[in-house]
S.K.: 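Let me begin by handing over the structure; questions about it come next.
Just so it is clear, the structure is predicted and the values come from calculations on it, not from any experiment. Numbers here are sequence positions counted from 1.
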Amino acid sequence: MLVHCGSTRSFMRTVRPLSVLSVRTYSSTTTTVPLAYTLHEPPKGTVTVASPMVVMHGLFGSKQNNRSISKMFAKDLKRPVYAVVRYAYPALSMQREKFNMLLDLRNHGDSPHHQKHNYIAIAEDVEHFIQEHGLKDVTLLGHSMGAKTAMAVSLRRPDLVRDIIAVDNAPVEAMLGSSFGQYVQAMRRIEDANLQKQSEADLILKEYEPEMPIRQFLLTNLVRSTSDSASAPSLKFRIPVKILARALDDMAGFPFHPDKTRFEKPALFIRGTKSHYVPDEVIPLIGKFFPYFRLRDVEAGHWVISENPGKFREVVLEFLQPQE
């Protein structure tokens, strides 16, 4: 049954790096990077469940993409929800069983940039985040790139994970849609043009992507750069476009083999009925990696959470609530 939030407010804390500018030009030199995140609490007075949820976005996304649904889950499940971005964070002094976190993964959102962008590196960041915050029995929920990250963490460190929810991706090496390469081309053109208005950037992007919601999603990465010259600062992308362009092949891959590693705990795979990312042919492979998996279809394309949030919420609650 769907539980509506009504007017009850959940509480949120966003942790930001101490020295983040509107456009970062630095790269981390360490193997793992600390992640930026937003933390959602259940409403005050709620008896909370100790198991936190960590929510991870897809390629070119950020923690803000999943803000609304994470607030709902914090209230519905009475669990902390973490949305992560990659950056240096101060230590928390709060009781961690009361939070729900959204993460910015490396090279996205408010997190630092790093030359290495593959699923092993991203998984190591998330593992470090879980351990640094003392989180136990974590539910990992990820969309697209975030889904493969959830799979990677669960296969590498099952001791850290209670269950996973993988949204519209599968544990298989498969070509990314051609649109991702086109988005990179568009973003490079936009940066090279030294534009002053977002509407001008949208006109360029429209040549590559006709759907306005997707263009709006991509343009959330557009910020005004700092400038030492007398001219007005131009618009640049806060994500490192060149790094992510080189990483597209890695994002299409999956560096694990089911004969060597499995996750023998609950797993939910949600696929969009209009999406090609989880075809029927890969279902047996999902079962080899995740023998206790369930598969649910949601009427949507690849952007399942934003296209059909009501049904998405319903199938997630159906999966998690019987385990509470």
S.K.: May I ask you to decide if Asn118's main-chain N or O and Asp250's side chain share a donor-acceptor pair within less than 3.5 Å?
M.R.: no
S.K.: Is Arg215 reaching over with its side chain to a backbone N or O of Pro210, donor-acceptor style, under 3.5 angstrom?
M.R.: yes
S.K.: Please evaluate residues Val184 and Tyr208 with respect to the criterion side chain to side chain contact (heavy atoms under 4.5 Å, CB included), reporting the C-alpha separation (whole Å), side-chain torsions for both, the decisive distance (0.1 Å), and the verdict.
M.R.: CA-CA 10 Å; Val184 167; Tyr208 299 83; over 6 Å; no
S.K.: If I take atom CG from residue Asp110 and atom CZ from residue Arg238, how far apart are they, to the nearest 0.5 angstrom?
M.R.: 5.5 Å
S.K.: Once you round to the nearest 0.5 Å, how far does OG1 of Thr31 lie from CD of Glu124?
M.R.: 6.5 Å
S.K.: Does Phe289 have its ring centroid less than 6.0 Å away from the ring centroid of Phe254?
M.R.: yes
S.K.: Apply side chain to side chain contact (heavy atoms under 4.5 Å, CB included) to residues Ser51 and Lys136 and explain how you reach the verdict.
M.R.: CA-CA 6 Å; Ser51 301; Lys136 306 292 183 183; over 6 Å; no
S.K.: Atom CD of Glu191 and atom CZ of Arg189: how far apart are they, to the nearest 0.5 Å?
M.R.: 13.0 Å
S.K.: When you measure from the side chain of Lys288 to the backbone N and O of His257, does any donor-acceptor pair fall under 3.5 Å?
M.R.: no
S.K.: Are Met187 and Met212 linked, directly or through other ILVMFWY residues, by side chains that come within less than 4.5 angstrom of each other?
M.R.: no
S.K.: Ignoring hydrogens and angles, tell me if any N or O in the side chain of Arg157 forms a donor-acceptor pair with the backbone of Glu127 under 3.5 Å.
M.R.: no
S.K.: Any side-chain heavy atom of Lys116 sitting closer than 4.5 Å to one from Ile243?
M.R.: no
S.K.: Could you tell me whether Lys274 and Glu307 make a salt bridge, using a distance below 4.0 angstrom between a side-chain N and a carboxylate O?
M.R.: no
S.K.: Could you tell me whether the side chain of Ser234 reaches within less than 4.5 Å of the side chain of Gln196, counting heavy atoms only?
M.R.: yes
S.K.: Are His57 and His143, when compared by the centres of their aromatic rings, separated by less than 6.0 Å?
M.R.: no
S.K.: Could you go through Arg162 and Thr139, starting from their C-alpha distance and side-chain angles, then the distance that decides it, and tell me whether this counts as side-chain hydrogen bond (donor to acceptor under 3.5 Å, both in side chains)?
M.R.: CA-CA 6 Å; Arg162 172 183 178 173; Thr139 293; 5.0 Å; no
S.K.: Please verify the inter-ring angle class for Phe180 with Tyr183; under 30° counts as parallel, over 60° as perpendicular, anything in between as tilted.
M.R.: perpendicular
S.K.: How many angstroms lie between CZ in Phe60 and CD1 in Ile239, if you round to the nearest 0.5 Å?
M.R.: 5.5 Å
S.K.: Can you see which heavy atom on Ala152 is nearest to which on Ala123, and at what distance?
M.R.: CB-CB, 4.0 Å
S.K.: Taking the six-membered ring for Trp and the full ring for Phe, Tyr or His, determine whether the centres of His302 and His276 are under 6.0 Å apart.
M.R.: no
S.K.: Measure the shortest side-chain to side-chain distance between His117 and His108 over non-hydrogen atoms and say whether it is less than 4.5 angstrom.
M.R.: yes
S.K.: Is the gap between the ring centers of His128 and His133 under 6.0 Å?
M.R.: no
S.K.: Does one hydrophobic cluster hold both Ile120 and Met145, with members joined at side-chain heavy-atom distances below 4.5 Å?
M.R.: yes
S.K.: Would a distance-only check, ignoring hydrogens and angles, find a side-chain to backbone donor-acceptor pair under 3.5 Å from Glu211 to Pro213?
M.R.: no
S.K.: Would His113 and Asn107 count as having a side-chain donor-acceptor pair, cut-off 3.5 Å?
M.R.: no
S.K.: What are the two closest non-hydrogen atoms of Pro171 and Leu285, and how far apart are they?
M.R.: O-CD2, 3.3 Å
S.K.: Hey, does Leu135 have a side-chain heavy atom less than 4.5 Å from the side chain of Val54?
M.R.: yes
S.K.: Other residues, nucleotides and ligands only: do more than 12 of their heavy atoms fall within 6.0 Å of CD on Glu173?
M.R.: no
S.K.: If you measure from CG on Leu248 to CG on Leu59, what distance do you get to the nearest 0.5 Å?
M.R.: 6.5 Å
S.K.: Mind running side chain to side chain contact (heavy atoms under 4.5 Å, CB included) on Leu295 and Ile270 for me, showing each step along the way?
M.R.: CA-CA 6 Å; Leu295 176 66; Ile270 301 174; over 6 Å; no
S.K.: Identify the two heavy atoms, one from Pro266 and one from Phe319, that lie closest to each other, and give their separation to 0.1 Å.
M.R.: CB-CZ, 3.8 Å
S.K.: Is there a side-chain contact between Asp137 and Asp163 (heavy atoms, below 4.5 Å)?
M.R.: no
S.K.: For Gly58 versus Ser144, what's the shortest heavy-atom pair and its separation?
M.R.: CA-CB, 4.2 Å
S.K.: Any carboxylate oxygen within less than 4.0 angstrom of a Lys/Arg side-chain nitrogen, looking at Asp168 and Arg271?
M.R.: no
S.K.: Could you check whether Phe290 and Phe269 have their ring centres less than 6.0 Å apart?
M.R.: yes
S.K.: Taking side chain as C-beta onward, heavy atoms only, is Lys236 less than 4.5 Å from Leu222?
M.R.: no
S.K.: What distance separates Ile164 CD1 from Lys265 NZ, expressed to the nearest 0.5 Å?
M.R.: 11.5 Å
S.K.: Check the pair Val153, Val138 against side chain to side chain contact (heavy atoms under 4.5 Å, CB included), reporting the backbone distance first and the verdict last.
M.R.: CA-CA 11 Å; Val153 173; Val138 175; over 6 Å; no
S.K.: Show the numbers, then the answer: is there a side-chain hydrogen bond (donor to acceptor under 3.5 Å, both in side chains) between Asp125 and Thr32?
M.R.: CA-CA 5 Å; Asp125 293 341; Thr32 62; 4.9 Å; no
S.K.: My understanding is that only one of Ile165, Val167, Ile305 makes a side chain to side chain contact (heavy atoms under 4.5 Å, CB included) with Val316; could you say which?
M.R.: Ile165
S.K.: Determine the minimum heavy-atom distance between Leu160 and Gln131, stating which atoms define it.
M.R.: CD2-CG, 4.0 Å
S.K.: Hey, is CG on Asp249 packed in by over 12 heavy atoms from elsewhere, all under 6.0 Å?
M.R.: no
S.K.: Please determine whether a side-chain nitrogen of the Lys or Arg among Lys311 and Glu299 lies less than 4.0 Å from a carboxylate oxygen of the Asp or Glu.
M.R.: no
S.K.: Using every non-hydrogen atom in the two residues, find where Leu219 and Ala201 come nearest and quote the distance to one decimal.
M.R.: CD2-CB, 4.1 Å
S.K.: Between Phe129 and Tyr37, does the ring centre distance come in under 6.0 Å?
M.R.: yes
S.K.: Taking the side chain as every heavy atom from C-beta outward, state whether Leu205 and Glu200 have any atom pair closer than 4.5 Å.
M.R.: no
S.K.: With heavy-atom distances below 4.5 Å as the criterion, would you say the side chains of Met151 and Phe256 are in contact?
M.R.: no
